[in-house]
Amino acid sequence: MFGWQAAGIRDSRGLAAVELEQQGKLEQQGRSDPNARLEQLSRLGRPLFLRWAFRLATLLLPLVLSGWLAKAAAQTITPESPEVRKLINDGLRFLAKETDPRLGGKCLIGLAFLKDGAAPDHPRIEEALKACQATTLQAIRADTVYSNGLAIIFLGELNPVRHRDLIGRFASAMADRQKPHGGWGYESYKTGDTSQTQYAALCYWEMLRIGLSPNVDSVERCTNWVLRIQDPGGAWGYQGADPGDMTRVAQSKISLSMLAAGLGSTMICGNMLGLLNPDKGMEGAEEHAAPPQKKLPTALRLASTNTDRPMPRLRGSQVDPQRLRETITLGQQWMEKNFQIQFNPYSSYYLYSLERYKSFEELLSGDVPDEPQWYRQGYELLAKTQRDHGGWKSSSGAPCSTAFAILFLLRSTQKSIKASLGEGTLVGGRGLSANLSRMKLRHGKLVVQQETIGADGLLAMLEDPENQDLDKLVENSAVLDVEHVGEEQARRLRQIIRSGPPESRLLAVRALARMRRLEYVPSLLYAMTDPDNRVVREARDGLRFVSRRFDGFGLKDRFTDRERYDALDKWKQWYRSVQPE
């Protein structure tokens with residue numbers, strides 16, 4: 001109950017008494033000034049409760065509005081939201097105690113830990129790696145396409161440089177398994193399987209992302225097969241009924257899960273072939289390509305506002321771009337009409353396929369909402385169905401189902417796309433301050449005076465794809481103040497080391513090293529395998545700082561891969577000697 005004073009009325013006699021007194025005064029005033037009486041009576045003639053309500057609303061509206069806005073902001077659901085992180089952390093704790101007997105299951109679980117920023121020596125990651133190393137070419141051929149594809153994706157995420165030969169072995173087996181019509185499926189079936197083919201397409205994209213080009217003919221045959229087996233209504237079925245030409249025929253066992261698989265594969269393959277490009281929607285690649293630039297100094301080259309480099313692509317001519325665009329439009333229309341998220345025996349599997357398709361759709365359209373509705377709905381389903389032990393159960397088995405759910409919640413595919421693009425890293429002149437008063441000449445270099453940047457400020461910069469200050473921070477990191485870093489902040493830094501663009505990886509390594517804590521050494525060891533030599537040198541210097549071995553193990557600035565891994569082995573031996581557990 002609000003008192004009258006709370007409504008802005010200070011007279012203890014109450015509002016009615018005050019109004020009666022005012023009316024008496026007006027009666028007396030009106031005898032001498034009739035015009036004033038009419039004006040005042042007009043004001044007082046409004047109903048008493050309306051005037052009281054107006055005063056109360058005027059007082060309370062700012063409080064209500066600010067509370068509503070704060071609540072709305074707090075409820076935005078992203079992979080970093082506390083409620084999402086709780087689901088992820090509980091799921092990872094479940095997976096730390098559970099495993100899957102299949103190669104693909106082990107790789108899927110290892111991938112979930114990798115995507116969350118776990119160190120390479122995590123037991124589940126090491127378990128998956130050993131399973132890959134122990135699998136012979138004959139065993140690969142006898143295993144499922146799922147295991148074959150997930151092994152490639154896992155190894156590419158773990159360390160594409162060190163495991164290049166192993167990835168090649170699995171990639172060779174994947175190419176051999178492709179059926180004459182272009183799809184992949186069970187050995188005993190002649191038909192192609194939409195579900196399995198999506199993992200072949202995804203592992204081909206992963207190979208291209210890490211610099212291992214799949215055969216262009218194989219990618220084109222896969223693309224055309226996916227285009228041929230689209231249902232006339234726009235969806236895809238489970239086992240593709242292939243008409244042999246581009247005449248669409250009815251498909252069986254149509255589902256949202258297969259739609260996500262088919263549409264995701266179409267976008268992935270179209271992107272690999274250069275027919276679908278970021279920010280061009282469904283427009284063709286060649287007709288919209290920018291004119292070639294002359295050889296200029298780095299600082300004078302034209303830099304994209306969105307990406308540091310284009311997505312890698314293959315060159316081919318056996319896919320009709322018009323048919324590709326029509327297929328995607330028809331599939332999107334079907335999804336719009338039929339979209340839903342509900343619990344079923346393969347909910348987690350579907351959510352991971354959905355995240356993959358939606359991530360490529362965001363890439364190609366350039367429309368990346370802060371909180372996609374499909375992500376919120378997926379989170380809500382997973383929040384309702386998570387078991388007490390932290391995992392999820394489905395027909396895929398609890399460990400695999402849990403790994404699928406975690407990859408969805410982490411926006412796993414979106415992370416890979418951003419890492420591939422080097423998003424936020426502009427060429428040459430990025431970072432020159434518009435405020436010239438902040439710029440000073442120091443040791444012959446033009447630098448920017450900056451305020452001290454703590455862990456939260458650093459993370460905000462590293463996770464902002466359009467931040468203009470990263471280059472300045474790389475050159476002048478004296479402003480970094482990372483002595484007090486919490487567990488969650490450190491986890492995010494470790495994750496950036498795994499999947500961020502080059503400058504972000506370098507700064508994350510630098511920040512972890514400055515904390516001088518042995519528990520972060522595994523992340524520095526992982527950074528020694530980075531494909532960017534600047535990051536490797538930063539990790540080397542960080543290890544020297546943490547260990548106080550300022551000569552390190554002799555790795556020079558210009559090094560070979562053999563020298564790098566020789567030094568890495570010595571650093572590992574040192575770490576085991578000081579941290580035997």
Side-chain angles (χ1 to χ4, degrees), residues 144-146 148-149 174-205 214-273 275-276 282 314 316-339 344 346 349-350 352-358 360-361 364 413:
T144 65
V145 172
Y146 295 112
N148 197 159
M174 181 64 81
D176 290 343
R177 305 175 77 127
Q178 191 173 22
K179 293 180 180 291
H181 49 60
W184 280 261
Y186 294 105
E187 292 293 320
S188 56
Y189 286 31
K190 289 185 179 180
T191 54
D193 183 310
T194 307
S195 176
Q196 293 186 44
T197 299
Q198 72 173 320
Y199 281 88
L202 183 61
C203 82
Y204 272 1
W205 184 85
N215 181 276
V216 65
D217 176 67
S218 179
V219 175
E220 288 186 324
R221 289 194 297 121
C222 172
T223 310
N224 283 322
W225 178 79
V226 174
L227 299 185
R228 290 197 304 272
I229 64 159
Q230 186 183 34
D231 185 83
W236 276 264
Y238 176 42
Q239 295 293 318
D242 188 350
D245 58 26
M246 290 298 175
T247 304
R248 293 186 179 93
V249 299
Q251 302 292 322
S252 61
K253 295 187 178 180
I254 285 173
S255 68
L256 281 161
S257 184
M258 290 304 101
L259 181 283
L263 201 47
S265 298
T266 304
M267 291 180 172
I268 289 170
C269 290
N271 180 243
M272 279 193 286
L273 294 169
L275 300 173
L276 302 173
M282 302 307 146
L314 303 169
S317 59
Q318 301 305 309
V319 175
D320 179 2
Q322 182 62 30
R323 176 70 180 206
L324 184 74
R325 293 191 287 270
E326 289 174 356
T327 297
I328 292 173
T329 300
L330 194 60
Q332 288 173 323
Q333 290 171 349
W334 192 93
M335 176 64 96
E336 261 186 49
K337 293 176 185 175
N338 298 278
F339 175 76
N344 63 54
Y346 290 98
Y349 169 85
Y350 163 54
Y352 180 43
S353 297
L354 179 67
E355 189 274 330
R356 182 161 54 254
Y357 145 56
K358 285 294 187 180
F360 275 93
E361 187 176 67
L364 299 174
T413 310

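Here, residue 1 is the first one in the sequence, and each next residue gets the next number.
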If we only count heavy atoms from C-beta on, is the Trp184 to Lys179 side-chain gap below 4.5 Å?
no

Measuring only between side-chain heavy atoms, which start at C-beta, is Val319 closer than 4.5 Å to Leu227?
yes

With a 4.5 Å limit on heavy-atom distance, are the side chains of Ser257 and Tyr346 in contact?
no

In terms of ring plane angle, is the pair Tyr349 and Tyr146 parallel, tilted or perpendicular, where the classes change at 30° and 60°?
perpendicular

Heavy-atom closest pair, residues Leu324 and Gly270:
CD2-CA, 3.9 Å

Kindly give the heavy-atom pair with the smallest separation between Met174 and Cys203, and that separation in Å.
CE-SG, 3.8 Å

4.5 Å side-chain heavy-atom contact, Leu330 and Trp334
no

Return the CE to OG1 distance between Met267 and Thr327, rounded to the nearest 0.5 Å.
11.0 Å

At their closest point, which heavy atom of Thr191 faces which heavy atom of His181, and how far apart are they?
C-NE2, 3.6 Å

Tell me whether the centres of the aromatic rings in Phe360 and Trp205 are closer together than 6.0 Å.
yes

Give a yes/no verdict on a cation-pi contact between Arg356 and Tyr199, requiring under 6.0 Å between NZ or CZ and the six-membered ring centre and an angle within 45° of the axis.
yes

Contact check, side chains of Thr197 and Cys222, non-hydrogen atoms, under 4.5 Å
yes

Residues at least two apart in sequence or cross-chain that pass salt bridge (Lys or Arg N to Asp or Glu O under 4.0 Å) with Arg177, listed by chain then number, are none

In short, Trp236 meets Met258 closest at the heavy-atom pair O-CB, 3.3 Å

Report the distance from atom OH of Tyr357 to atom CD1 of Ile268, rounding to the nearest 0.5 Å.
12.5 Å

Which atom pair, heavy atoms only, marks the closest approach of Ala241 to Ala250?
CB-O, 4.2 Å

Pair Thr266-Thr223, side chain to side chain contact (heavy atoms under 4.5 Å, CB included): steps then yes or no:
CA-CA 6 Å; Thr266 304; Thr223 310; 5.7 Å; no

Salt bridge present between Lys358 and Glu355 (N-O < 4.0 angstrom):
no

Using side chain to side chain contact (heavy atoms under 4.5 Å, CB included), reason through Met246 and Asn224 one step at a time and then give a plain yes or no.
CA-CA 9 Å; Met246 290 298 175; Asn224 283 322; 3.7 Å; yes

Rounded to the nearest 0.5 Å, what separation is found between the CG atom of Asp176 and the OG atom of Ser218?
10.0 Å

Roughly how far apart are Leu276 CG and Arg325 CZ, rounded to 0.5 Å?
8.0 Å

Salt bridge (charged side-chain N to carboxylate O under 4.0 Å, His left out): pairs with one or both residues in residues 225-252, sequence neighbours excluded:
Arg228-Asp242

Calculate, to the nearest 0.5 Å, the distance between atoms CG and CD belonging to Asp193 and Gln239 respectively.
4.5 Å

Verify side-chain hydrogen bond (donor to acceptor under 3.5 Å, both in side chains) between Gln332 and Glu361, making sure each step is shown before the conclusion.
CA-CA 10 Å; Gln332 288 173 323; Glu361 187 176 67; 2.8 Å; yes

Hey, are the side chains of Val216 and Glu220 touching, using non-hydrogen atoms and a 4.5 Å cut-off?
yes

Measure the shortest side-chain to side-chain distance between Tyr238 and Gln251 over non-hydrogen atoms and say whether it is less than 4.5 angstrom.
no

